[in-house]
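Notes follow the structure.
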Number of protein chains: 2
Amino acid sequence: MPTPPEPASRRDRPAKPALSRQAILDATLALVRERGVEQVSLRDVARAVETGPASLYAYFDSRDTLLEHVLDHVYGTVDLVDAAPHGWRAALAATVVSTIAALEDHPGLATVALGSIPTLPGALRLAEHELDLMERGGIPAGRAALAVDLIAQFAAATAVERRARVAPGRRGEDPGRARAAYADTDPDRFPRVHRLAAALTDPDERARRDFAIDVILGGLERATTA
Amino acid sequence: MPTPPEPASRRDRPAKPALSRQAILDATLALVRERGVEQVSLRDVARAVETGPASLYAYFDSRDTLLEHVLDHVYGTVDLVDAAPHGWRAALAATVVSTIAALEDHPGLATVALGSIPTLPGALRLAEHELDLMERGGIPAGRAALAVDLIAQFAAATAVERRARVAPGRRGEDPGRARAAYADTDPDRFPRVHRLAAALTDPDERARRDFAIDVILGGLERATTA
DNA sequence: CGGCGTTCGCGAACAGTGTTCGTCGCGAAC
DNA sequence: GTTCGCGACGAACACTGTTCGCGAACGCCG
């Protein structure tokens, strides 16, 4: 507002990175990391790269497309744990944990992961590594291909749920309330739920996660059921 | 606009159901079923019960709360398959399939399921049934409690992903494009992904789902890994 | 070297959202 | 018959993702 239209703005400021896909991606990634996907609007991104919202559409078709690229960048940072030290199964488990952690570091991104079919390089790199590990484990290729999908779905879903549970700014969705709701269950209608209230609402997220990974990898190793 | 304020509107139309939680829920459920969650605004719901959007807040704290109740109603319609004919494992598998189907009948609701902790009666009923089946199967109570969570997460995630894949009005996210992307992968960087392109993009959703259920239930049956 | 044709960045506007506030009119109570 | 309380709701708010079209800067052509 102080300076009027600021003439020849582009030429006067050669320091400005000139607006590129990469600059937009980097800015979005930083914003997502610190605020979460749903608190990042296109106006915020535009402001971060010193432009208006309309300009972003020259580089990305839509907000969703932009977020898919951000997601793939995050996939690219996942630690691909090697089979060498503790065997393929432990390595695969560790890779899944790393995937979940990467998604949780960028709140809301997991929702994007569940809603899109992965085709970008970061996701392919992750799939390749998982296939490698399962090959070493002697999992038949057909099963392994299906498992890649199941694992990705599980990792994303876990990250989404976690976000809902920790519930930073959300309304009263705190775990304590859920715990109370289960304990207050009518013992006649829902005897098992009532009896297992504590176990069903156990807040130890790590234990839940490790249990799930163990179930999935264990089931994968078994021969197909007759 | 033709009739000015229409005086004494309430008294003139005693047929109107007077606006209740149930009426709002029913209207929302119908709209969700035919259009999907994200295409149902509070204004749409209000219009369906012949009122304004503000009135809904007398019955539900927020849109999210309303949707959670809709979700629970849907949970309440899930077919609880009995253990009698084919054993507990097949019954549990069928119940999971039924859960996924119910969620898919209400597009977008699965997202709500992933983002909230279930405390309402429909979800409890489902959990009770699953615990019953696992008890019959000899699954230790602690494992069963954790499994309830895993199963619910899996069902919701599957329904969410399915919605993304069938992609009714969404931009070019058709499965064909994904298939091509995998086939075009660089065979040097991603040899396994390239080789398994067909299997990784197999559009047979039912096979993927049954594989996943088999893996999870199989892993559940195994003793905990040493 | 000057003028013009073209491209494209982006300011402004659009249609829509969930939510809140304050008024107003009905129904019950005295 | 009059008054009062309370709940319904119209209107407004702040914000979203996205599109349109003006205008200014660029580079080719004479």
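In the text below, chain A, chain B and the rest are named by the order of the sequence lines, each starting its count at 1.
Side-chain contact, Asp26(A) with Gln22(A): a donor N or O sits under 3.5 Å from an acceptor N or O.
Across dT17(C), dG17(D), dT19(C), the shortest atom-to-atom separation from the side chain of Asp44(B) is found for dT17(C).
Distance CD/Glu68(B) to CG/Leu109(B): 11.0 Å, rounded to 0.5 Å.
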Item to check | Dot-bracket line, read 5' to 3' along DNA chain C, where crossing pairs take [ ] and | marks a partner on another strand, Watson-Crick or G-U under 3.5 Å | outcome: ||||||||||||||||||||||||||||||
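A search for salt bridge (charged side-chain N to carboxylate O under 4.0 Å, His left out) contacts involving Arg192(B) returns Glu128(A), Asp132(A), Glu135(A), not counting sequence neighbours. By the side-chain contact (heavy atoms from CB on, under 4.5 Å) test, Ala101(B) is found to be paired with no residue, residues two or more places apart in sequence or in another chain being considered. Taking the side-chain contact (heavy atoms from CB on, under 4.5 Å) definition, one finds that Thr185(B) meets it with Leu124(A), Phe190(B), Val193(B), His194(B), sequence neighbours left out. Asp186(B) meets the side-chain contact (heavy atoms from CB on, under 4.5 Å) test with Asp188(B), Arg189(B); sequence neighbours excluded. Residues passing the ring pair (Phe, Tyr, Trp, His ring centres under 6.0 Å) test with Phe211(A): none are found, sequence neighbours excluded. For His73(A), there are no ring pair (Phe, Tyr, Trp, His ring centres under 6.0 Å) partners two or more places apart in sequence or in a different chain.
For Thr51(B), no side-chain nitrogen or oxygen approaches OP1 or OP2 of dA8(D) to under 4.0 Å. For the pair Ser55(B) and dC9(D), the criterion of a side-chain N or O lying under 4.0 Å from OP1 or OP2 is met. Neither OP1 nor OP2 of dA8(D) sits under 4.0 Å from any side-chain N or O of Tyr57(B).
At whole-Å resolution of the value, CG in Asp61(A) and P in dG17(D) are 16 Å apart. Gln39(B) has its CD atom 11 Å from the P atom of dG18(C), to the nearest Å. Straight-line distance from the CZ atom of Phe60(B) to the P atom of dG7(D): 17 Å, rounded to whole Å. For Glu50(B) and dG10(D), the CD to P distance is 12 Å, given to the nearest whole Å. Atoms CG (Leu56(A)) and P (dC10(C)) sit 10 Å apart, rounded to a whole Å. dT19(C) atom C1' lies 15 Å from atom CG of Leu67(B), rounded to whole Å. Per the geometry, CD belonging to Glu38(A) stands 15 Å off C1' belonging to dC15(D), to the nearest Å. Separating the CG atom of Asp64(A) from the C1' atom of dT16(D) is a distance of 13 Å, rounded to the nearest angstrom.
Applying the side chain to side chain donor-acceptor pair (under 3.5 Å) rule to pairs touching residues 105-115 of chain A yields Arg33(A)-His106(A), sequence neighbours excluded.
As judged by a 4.0 angstrom heavy-atom cut-off over every strand, Ala58(A) is placed among residues touching the sugar-phosphate backbone only.
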Kindly give the atom pairs (protein nitrogen or oxygen, nucleotide nitrogen or oxygen) under 3.5 Å for nucleotides 12-15 of chain C.
| unit_1 | atom_1 | unit_2 | atom_2 | d |
| --- | --- | --- | --- | --- |
| dA13(C) | N6 | Arg43(A) | NH2 | 3.3 |

